[in-house]
Amino acid sequence: MSTVSDATRLDVRANPPLPHDFVSRVLAVVDGIPSGRVMTYGDVAAAIGSRAARAVGQVMARHGDEVAWWRVVRASGEPAAGHGREAMRRFAAEGTAVGRGGDRVDLSSARITA
DNA sequence: CATTTGACTGCGT
DNA sequence: AACGCAGCCAAAT
């Protein structure tokens with residue numbers, strides 16, 4: 001027999017174009033970043049209605065290899081900690097706008113917010 | 001259930 | 001411009 005809580009649960013599961021848990025949502029957003037563009041950790045968090053930039057970093061640390069991890073950069077435009085080399089290489093490969101020092105993304109042109 | 005831990009951020013020095 | 005620091009928040013211990 002059905003209960004109110006059953007109905008609620010079904011309703012929620014029937015819905016989502018968007019995954020329900022934090023990890024899946026983060027990965028979904030990152031997966032949606034087009035080639036040549038980037039989002040900051042904070043942007044990704046904001047995109048899923050959160051302010052947990054650091055938690056986004058945690059997710060990337062664990063599941064980053066499942067997505068285009070280099071497209072998520074720091075608010076300064078610098079690539080993910082410990083992956084600067086590889087990230088810059090990929091930026092060059094997909095034509096991402098890079099700042100003067102050649103060590104960071106030019107956020108004013110490559111950044112997208114949603 | 002309390003504490004510690006980060007692929008973060010913004011602000012002050 | 002580099003560095004330290006406190007605030008932040010979900011996940012791991």
Side-chain angles (χ1 to χ4, degrees):
Chain A
M1 20 151 169
S2 75
T3 67
V4 173
S5 53
D6 284 341
T8 300
R9 182 156 48 76
L10 285 176
D11 187 57
V12 171
R13 303 193 70 213
N15 171 22
L18 301 179
H20 18 298
D21 57 286
F22 192 79
V23 174
S24 300
R25 283 178 149 176
V26 167
L27 295 179
V29 170
V30 176
D31 198 51
I33 305 176
S35 175
R37 311 306 295 279
V38 301
M39 283 179 83
T40 68
Y41 291 91
D43 289 340
V44 174
I48 62 176
S50 170
R51 283 188 292 169
R54 296 187 75 164
V56 169
Q58 286 283 28
V59 171
M60 293 306 288
R62 275 185 57 84
H63 307 279
D65 54 344
E66 298 170 29
V67 293
W69 56 264
W70 62 93
R71 294 178 188 156
V72 181
V73 301
R74 299 188 187 182
S76 61
E78 297 163 291
H83 295 263
R85 278 307 193 63
E86 182 61 13
M88 295 313 300
R89 193 167 75 80
R90 289 176 180 276
F91 291 147
E94 57 184 63
T96 308
V98 172
R100 275 181 101 243
D103 59 331
R104 63 179 53 190
V105 170
D106 176 19
L107 292 182
S108 65
S109 56
R111 182 187 198 176
I112 59 175
T113 53

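Please read these numbers as outputs of a predicted model, since none were measured by experiment. Chain letters run A, B, ... following the sequence lines, proteins first, then strands; residues in each count from 1.
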Counting only side-chain heavy atoms from C-beta out, which of C:dA11, B:dA7, C:dC9 sits nearest to A:Ala52?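 The closest nucleotide is C:dC9.
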
Taking [atom1] from [X] and [atom2] from [N], how many angstroms apart are they, rounded to a whole number?
X	N	atom1	atom2	result
A:Arg74	B:dC11	CZ	P	18 Å
A:Asp65	B:dA7	CG	P	14 Å
A:Trp69	B:dA7	CH2	P	14 Å
A:His83	B:dG6	NE2	C1'	13 Å
A:Asp21	C:dA12	CG	C1'	15 Å
A:Met60	C:dA12	CE	P	15 Å
A:Gln58	B:dT9	CD	P	13 Å
A:Phe22	B:dG6	CZ	C1'	12 Å

Report yes or no: does A:Asp43 contribute a side-chain atom to a donor-acceptor pair with the main-chain N or O of A:Thr40 at less than 3.5 Å?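 Answer holds: yes.
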
Is a side-chain donor or acceptor of A:Arg37 paired with a backbone partner of A:Ala110 at a separation under 3.5 angstrom?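 Yes.
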
Is the closest side-chain heavy-atom distance between A:Leu107 and A:Val73 below 4.5 Å?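 Side chain of A:Leu107 against side chain of A:Val73, heavy atoms only: contact under 4.5 Å found.
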
Does some side-chain heavy atom of A:Met60 sit less than 4.5 Å from a side-chain heavy atom of A:Val30?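 A side-chain contact under 4.5 Å exists here.
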
Sugar-phosphate, base or nothing in reach of [X], heavy atoms under 4.0 Å:
X	answer
A:Ser76	nothing
A:Tyr41	base
A:Ala75	sugar-phosphate
A:Ala53	sugar-phosphate
A:Gly42	sugar-phosphate

With a 4.0 Å cutoff (strictly under), does any side-chain N or O of [X] reach OP1 or OP2 of [N]?
X	N	result
A:Arg51	C:dC8	no
A:Arg62	B:dG6	no
A:Arg54	C:dC9	no

Side-chain donor-acceptor distances from residues 64-71 of chain A under 3.5 Å, at least two apart:
from, atom 1, to, atom 2, distance (Å)
A:Glu66, OE2, A:His63, ND1, 3.0
A:Trp70, NE1, A:Glu94, OE1, 3.1
A:Arg71, NE, A:Glu94, OE2, 3.0
A:Arg71, NH1, A:Ile33, O, 2.9
A:Arg71, NH2, A:Glu94, OE1, 3.2

